[in-house]
Amino acid sequence: MSRRRSAMLSASAALALALSLGAGPVRAAGDYPFRNPSLPLAQRVDDLLGRLTLDEKVSMLHQYAPAIDRLGVGMFKSGTEALHGVAWSTDIDNNGAVVTATGTVFPQALGLASTWDPALIKRVGSAVGDEARGFHAQNPRVWGLNLWAPVVNLLRDPRWGRNEEGYSEDPLLTGAISTAYGSGMEGDDPDHLKSAPTLKHYLANNNEISRDVTSSELPPRVKHEYDEAAFKPAISADAATGVMASYNLVNGRPNTVSPDLNDVVRSWTNRTLFNVSDAWAPNNLVQSEKYYATQAEADAALIKAGLDSMTVDDTNGGPTVAAVKEALSKGLLTQADVDDAVRHQLSIRFRLGEFDPDGGPYGKITKDVVNSPANQKLNRETAAKAMVLLKNSGGALPLKPGKKVAVVGPLADVLYTDWYSGALPYKVTPLAGIRERAKAVSSSEGVDRIALKDVATGKYISAPATGGDLKESAATAGATEQFDAFDWGQGVLTLRSAANGKYVSRANWSTLANTADQPSGWFVQEQFKLEQQTDGTFLLRYAGYETSESWFGPNAYVKAEADGSLSLTTADQATHYAKEVVSRGVDDAVAKAKDADVAVVVVGSMPFINGREAHDRTDMNLAEGQEALVKAVKKANPNTVVVLQNSYPTTINWEQDNVPAILWTTHAGAETGHGLADVLYGDVNPAGRLTQTWYRSAAELPDILDYDIVKKDRTYLYYRGRPLYPFGYGLSYTSFAYQGLKAVQKGDAYEVSVKVTNTGSRAGDEVVQLYTHQHRSRVKQPVKQLRAFQRVSLAPGQTKTVTMTVKKADLALWDVTRNKWTVENATHDILVGSSSEAVRQRSTINVRGEDIPHRDLSKTTRAIDFDDYSGVHLVDETKVRGDAVAGADGGWIAFKDVQLRKPAKVTVGVAAAAGGKIEVRLGSPNGTKVATIPVAATGGVYQWAAATAPVSGANGVKDVYLVFTGDVRVKDLTLS
């Protein structure tokens, strides 16, 4: 093989020389070396790259890289959404219209991680990769093979609107699940890709409020130990082919132009990565972020930073081409910069088999794999394994066959998709799944059916039976005047027309019509609020997401015109309605529950309402009406089981205290009902585990924009309160015992083994979790930290020895004093159990590392490398790279444990628009003042100068504080 390749290389070189001299015939496209799969990848990429003109290369920097017909190169589109199954893509032949996939929709990403089963998730990823190939075979112009998944942003705040898209608040678990999913999507061929997964969204993207202009402020330890740690595993394991840069800024710099894209992310692998922008993010640099004055400057900066493809202007690559060409003409970019970006793209395309004569090893996959029986079976298995048993008292579960069951609640007989779901090819609802098992089943949605009567005219709002515009017309409340009012919390309702079963929507941005199958879309136009007035009447408020947009205006309330048609106006002009309750949903549900042996109440969320992309949650409560339903059903039938189906932690304190059994699941796709019934009836012993802390109240959480988990005691790593359910929590229908923990050092690792026995009467899975805690450290350490886990299956009475490994390097912290990973000399607890709080066995290990020496500020020290801070912001040193600290009056940064040797002078790198001063104090922000540094205006926040002052009385080992007055930025300091 090596001789053959050498011969081919020689022949290729000779051909290139001949062509460069103008000799020889023009070759057919199929004869080009880049189409020869026997040649090394790098040679094939360089061959094709060398044949492209500069104009052709520039055109390829847009999301839709056009075809190069003269070379037989087809169009390439980056970005098919595939978060938990192939979801959707856009159609270049139809003005970029969204095309939704109808295929296997697996449980939401949060549910996938709740399995704690990487082997299973790799199988899921493989199925998704297969289906991506199947859709691609159907229409390659719509269904590209560069998949935008998985999302590995850490779930540090459960109020994040996109909580459903992530895996966990823990970086190790997130890394394990993302690596499994990504490697499954890629396939096992060493040289080719089944599909090309892209990790979203780099970096520290965990809020939706003003997400394109807010800055996630990350001190170095948080950045390295937490946020980066979630992205590194999949990249370093070659389980992802690039990252998508997030909208937000980190330390004042937009991630779209973060130098980390090249300097950090590409350092994690020897493979070539293809990095992409989020939608419209390149334009944000000029528009909302105002970081650059022109698009040419912005596009040049992002390409130089390490982005290879711009998702912007829908299908129109013209503006991108124009901006890049302007950047080239002005010397902001070089052709080498463009070549690098295109080379990155081509490398992935070659690995996908695009230029192989037979399409590569995955080129023969057809649409027959989509929604195949095998994938349906896998989906059912995954749905069941993802479910978490939160409570089970008195043997309430599993349910016994032959019992009469009432299945009630707003989610009892419906399955919802989300923004990153495909369409369901079929639906097994909770009710349908239970009906296959139970002797007799009754059901009720438990929602009120209402009619709305104009108090001024006496006429009711009517909806056509065939679907169409709502209108005030009827004098009585018949079927066409009735609506089922679903409560989704915070006052938001959806109104389903009894006339045709469709939801009321603000159709075509104008009239109200009963035409929607479910609430959905970027602007969710099916949301309403009934706002009670002092006179007892109600205003019907349209509460679609667009009402929060600045361009929407004040018209959000329904008004009936003289002809009965409905329009939107201001509150003072709105029509007043009487709300007539035709039937009470709680009454119906209670009646069904009383007549049953057991009541299963299915409550939870609608994925497009009160939390999703662009909209964070403002609380964590179960919808008021849903909680009232649970309470009423429990009072009517003590044998009540609550099934909570949603996408995030919920404050269900009353339910935990009062309901016998609670089972949690995400929205889990077409097989939800089967998976649920499998668990409820004991065919599957639940072993899902929570991947986030469930708090008792949102009041326990700091501001959603505060990203410093260390200082603010966030996530299970640093939280010291009493959660409703801890990280890693989940119950089983059997019991497990742990014994014989051993921790043995083997080279640069510790082998931890423990015997786990199924002490119950049912077979079941246990998720064995290994945590550590470091006793002594220079810095604040986590309360405990997950280091390894293993899901193990055990028959009744069976014992297995579970062995897990902790590398010594895994115990390192980021040492800000020397900017490196450091393992300290310390004793570590080894904690093994079934959750972060249920520790069953413990031991200790003595780790030999090093003692971090006293700080030496006689060497220039970056200001960002402080040990503590207050009242400051982390900002960008320049627009290209570097971090700095922006102080304000009374703000400070501290450098702890500094060895001072009577320095005579302090020098600080400063930038200031108006000037100020910095005091150097010892021991505390109010401690002994040893220097006052005047800071003159430097001309702007990116104009840096050196400010100096004499130092007196600084000696010994002390904590050094810089205390700010005025708006002053600091990048470094030296005590000399």
Side-chain angles (χ1 to χ4, degrees), residues 447-488 490-583 606 608-610:
V447 299
D448 289 347
R449 179 162 289 188
I450 66 172
L452 297 173
K453 183 173 70 173
D454 186 332
V455 296
T457 66
K459 292 182 178 180
Y460 290 85
I461 296 177
S462 297
T466 55
D469 291 349
L470 273 57
K471 189 174 185 179
E472 284 190 8
S473 59
T476 58
T480 55
E481 287 71 50
Q482 297 176 18
F483 302 90
D484 297 320
F486 289 80
D487 176 14
W488 299 114
Q490 300 177 58
V492 176
L493 305 172
T494 54
L495 299 172
R496 188 182 63 196
S497 171
N500 66 350
K502 301 286 188 179
Y503 287 89
V504 176
S505 176
R506 186 169 177 248
N508 302 315
W509 296 88
S510 55
T511 58
L512 301 184
N514 57 333
T515 53
D517 292 326
Q518 76 159 55
S520 64
W522 183 256
F523 295 109
V524 185
Q525 304 198 55
E526 294 76 33
Q527 299 176 92
F528 297 89
K529 291 185 177 182
L530 282 169
E531 298 182 351
Q532 191 165 16
Q533 306 301 295
T534 56
D535 61 359
T537 63
F538 291 84
L539 302 185
L540 180 59
R541 179 183 172 187
Y542 169 64
Y545 278 140
E546 60 272 25
T547 61
S548 65
E549 301 291 339
S550 59
W551 45 260
F552 183 76
N555 296 334
Y557 291 85
V558 172
K559 175 185 178 182
E561 305 293 348
D563 63 355
S565 62
L566 303 180
S567 62
L568 295 183
T569 186
T570 56
D572 60 321
Q573 298 295 316
T575 297
H576 287 243
Y577 290 98
K579 182 181 76 171
E580 297 181 357
V581 179
V582 178
S583 60
M606 199 287 136
F608 282 86
I609 295 174
N610 287 339

Straight-line distance of [X] [atom1] to [Y] [atom2], nearest 0.5 Å:
X	Y	atom1	atom2	answer
L540	K529	CG	NZ	12.5 Å
F528	Y557	CZ	OH	13.5 Å
L566	E472	CG	CD	6.0 Å
K559	H576	NZ	NE2	12.0 Å
L495	F486	CG	CZ	10.0 Å

**Q.** Worked check of side chain to side chain contact (heavy atoms under 4.5 Å, CB included) between F552 and L568
**A.** CA-CA 11 Å; F552 183 76; L568 295 183; 4.2 Å; yes
Q: Could you walk me through whether N514 and L470 pass side chain to side chain contact (heavy atoms under 4.5 Å, CB included), step by step?
A: CA-CA 7 Å; N514 57 333; L470 273 57; 4.2 Å; yes
**Q.** Backbone N/O of S520 and side chain of E526: donor-acceptor pair under 3.5 Å
**A.**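 It does hold such a pair.
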Please examine the side chains of [Y] and [X], heavy atoms only from C-beta on, and report whether any two atoms are closer than 4.5 Å.
X	Y	result
V582	I450	no
W488	Q527	no
D469	L512	no
D448	D484	no
M606	T494	no
Q525	W509	yes
T476	E481	no

[X] to [Y] - nearest heavy-atom pair and separation:
X	Y	value
Y577	V455	C-CG1, 3.9 Å
Q482	R449	OE1-CD, 3.0 Å
A463	S497	CB-OG, 3.5 Å
V447	A485	CB-O, 3.7 Å
T575	A560	OG1-N, 2.8 Å
G521	F608	N-CE2, 3.6 Å

Q. Take atom NZ in K459; do more than 12 heavy atoms of anything else shown fall under 6.0 Å from it?
A.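 Not more than 12 within 6.0 Å, no.
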Q) How are the rings of F523 and W551 set to each other: parallel, tilted or perpendicular (split at 30° and 60°)? A)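 Geometry flag for W551 against F523: perpendicular rings.
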**Q.** Residues in salt bridge (charged side-chain N to carboxylate O under 4.0 Å, His left out) contact with K471, at least two apart in sequence or another chain
**A.**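 Listed in chain order: nothing, the list is empty.
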Q.
side chain to side chain contact (heavy atoms under 4.5 Å, CB included), that's the test. Do L530 and L452 meet it? Break it down for me.
A. CA-CA 10 Å; L530 282 169; L452 297 173; 4.1 Å; yes
